[in-house]
Engineer: 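After the structure tokens below, expect a handful of questions from me.
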Number of protein chains: 2
Amino acid sequence: MLNGGQPCLACPLADCEALHQPPADVRQWIAAFRHGEMRFTRGEQVFAQGTRPTFLYTVLSGVLMRTRLLEDGRRQIINFMFPGDFLGLQAALDAEMSHTVEALTNATLCTFVREKFFDLVAQQPRLSFDLTWLAAHEEAALEEHLVSLGQRNARERMAALAVFLVQRGIDTGIAPGGVLTLTITQGQIADMLGLSLVHTNRTLQTLRRMGLVDWTLSTISVPDIAAAKAYAKIDGSTFSSRPYI
Amino acid sequence: MLNGGQPCLACPLADCEALHQPPADVRQWIAAFRHGEMRFTRGEQVFAQGTRPTFLYTVLSGVLMRTRLLEDGRRQIINFMFPGDFLGLQAALDAEMSHTVEALTNATLCTFVREKFFDLVAQQPRLSFDLTWLAAHEEAALEEHLVSLGQRNARERMAALAVFLVQRGIDTGIAPGGVLTLTITQGQIADMLGLSLVHTNRTLQTLRRMGLVDWTLSTISVPDIAAAKAYAKIDGSTFSSRPYI
DNA sequence: CGTTTTATTGACTAAATTCAACGACAGTGG
DNA sequence: CCACTGTCGTTGAATTTAGTCAATAAAACG
């Protein structure tokens, strides 16, 4: 968890096909604007529900999850965060975080000082626009999860989640050959899908037997994405091609 | 559905306590920027899933809902939109709408031309900031709904929804005395909460008998909001005080 | 090699869905 | 004024889905 790190000119996201790459001048501006880099190890919290963090983050590498807790201990996983995602929009607006963010793998984050957020909006409309793009995209993902929890049964939900994770892995270049190496326990799947642990286990076995997913503790892949999408009733319109920040 | 209408200087949202009011110069700018007003009657669609609309909207009066359809007819209501809310962020970024927006009451919307959206971001950082605020707030609402669908049982879900609707009605000044006059059928409640119609009916009766909600076809109120929040395990941190646009 | 976490299984219970009617009510046209 | 139609709400019974409890097996970890 330290500052410094290489300048933006060597940003690891520069190779990412899926992101727009900013022109040189904007890149210079970001290099001056950003605060540094931080590393988090698997299981570490980036920020906690109910706090007002000092920093905002962009994911440079790694996968994280956003969770929300009820007082009685029940936990809902809201979404997973991949390279290129922005963390802390609520904090940017001086609000209390409504959720916790925790690293699922070792992760490197690019840090920004929260108080300077308005400068970004005022001075870099293009970056501001991209941030709005990210927010709209994130909202669409939450919509899709709402559809899952509200309308799909356990098997459909799990198939939809597998497709979502693999797709994001492919889009962000961390799932070579369509195989995403990411440790997710069945307990975490249960907390994401709103199912009990036992039912999650049985459902996962069913999907494996059906040949719809190939999902173990540490890797996820979907042999036939089109078939899985059809099974889970996911419509084709995935919008891709992501902006930079 | 016509243009014109009164200028922003007489905007109906000007009286709304919960919104920041822009300074005179910004207000002038908006008056020139906006396209006009449109009226929608109950049941009319503002835009449809899968399309790229020409206009973006701000809700001046009325209540609307955002829904998402699966091919087989299952429907999930994503959220309800109240005065001050912004519609079409996805469209602003030239993406296809992932959902349908439909008026639940007669509604007046302030219209903006989609192509000019970037001008707003570039010329009015403060408005851009507020838009980001709205997006973050909307995301927090979706999070809360995800928690409902994933972790709460039918009774808790319904209590949480009642509290949410009444709270929003109060915050936007359309629920005098804490009573929100809004026609929502049990079928719509079912589609919001991911429950069957029959179970929705029985759950609603239970909540009425428990005295937790007073919810009929056309009005919603919650006699003891604190008690209902405790019952539904809603934590206190509601963030209010909304920006303008 | 023990310890902890994670996965799996069976038996039982609770929650929610489905199917199938029926009732209440408002609007319409004769 | 009254039958006709459509929407919305309500009820009972049977069924399915998912949750709970309790125990064991299998990996992963130091």
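Proteins come first, then strands; the chains are lettered A, B, ... in the order of their sequence lines, and each starts at number 1. FYI, side chains are in, hydrogens and waters are out, and symmetry mates aren't considered; it's all heavy atoms of this structure.
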Engineer: Output every pair passing salt bridge (charged side-chain N to carboxylate O under 4.0 Å, His left out) with a member in residues 196-221 of chain A, not counting sequence neighbours, ordered by first then second residue.
Structural biologist: none
Engineer: So, is Arg208(A) close to the dA7(C) phosphate, meaning a side-chain N or O under 4.0 Å from OP1 or OP2?
Structural biologist: no
Engineer: Does Asn201(A) make a side-chain N or O approach to OP1 or OP2 of dT8(C) shorter than 4.0 Å?
Structural biologist: yes
Engineer: Under a 4.0 Å threshold between the charged nitrogen and the carboxylate oxygen, would Glu156(A) count as salt-bridged to Arg74(B)?
Structural biologist: yes
Engineer: Can you name the salt bridge (Lys or Arg N to Asp or Glu O under 4.0 Å) partners of Glu139(B), sequence neighbours left out?
Structural biologist: Arg66(A)
Engineer: Salt bridge or not for Asp85(B) and Arg168(B), using N-O below 4.0 Å?
Structural biologist: yes
Engineer: Are Gln205(A) and dT9(C) close enough that a side-chain N or O sits under 4.0 Å from OP1 or OP2?
Structural biologist: yes
Engineer: Quick one: what's the B/S/- string for nucleotides 15-24 of chain C, heavy-atom cutoff under 4.0 Å, read 5' to 3'?
Structural biologist: -SBBB-----
Engineer: Taking Arg152(A) first and then Glu144(A), would you say they form a salt bridge - that is, a charged N and a carboxylate O separated by under 4.0 Å?
Structural biologist: yes
Engineer: On the nucleotide dT10(D), are OP1 or OP2 found under 4.0 Å from the side-chain N or O atoms that Gln186(B) carries?
Structural biologist: yes
Engineer: Once ring-ring contact (aromatic ring centres under 6.0 Å, His included) is applied, what residue pairs with a partner in residues 152-203 of chain B remain, sequence neighbours excluded?
Structural biologist: His145(B)-Phe164(B)
Engineer: Between CG of Leu104(B) and OG1 of Thr185(B), what distance do you get to the nearest 0.5 Å?
Structural biologist: 9.0 Å
Engineer: What is the distance from CG of Leu193(A) to C1' of dA18(D), rounded to the nearest Å?
Structural biologist: 13 Å
Engineer: Rounded off to whole Å, could you give me the CZ-to-P distance for the Arg209(A) and dT8(C) pair?
Structural biologist: 11 Å
Engineer: Hey, does Arg42(A) reach any base, or is it just sugar-phosphate, or nothing, if we go heavy atoms under 4.0 Å?
Structural biologist: nothing
Engineer: With a non-hydrogen cut-off below 4.0 angstrom, is Arg74(A) in contact with a base, only sugar-phosphate, or nothing?
Structural biologist: nothing
Engineer: From CD of Gln151(B) over to P of dA18(D), roughly how many Å is that when rounded to an integer?
Structural biologist: 15 Å
Engineer: Atom pairs under 3.5 Å, N or O on each side, protein against nucleotides 23-30 of chain D: can you list them with distances?
Structural biologist:
none

Engineer: Whether Lys233(A) and Glu71(B) form a salt bridge (side-chain N of Lys/Arg under 4.0 Å from carboxylate O of Asp/Glu) is what I want to check.
Structural biologist: no
Engineer: By ring pair (Phe, Tyr, Trp, His ring centres under 6.0 Å), which residues pair with Phe47(A), not counting sequence neighbours?
Structural biologist: Tyr57(A)
Engineer: How long is the line joining CD1 of Ile184(B) and C1' of dT7(D), in whole Å?
Structural biologist: 17 Å
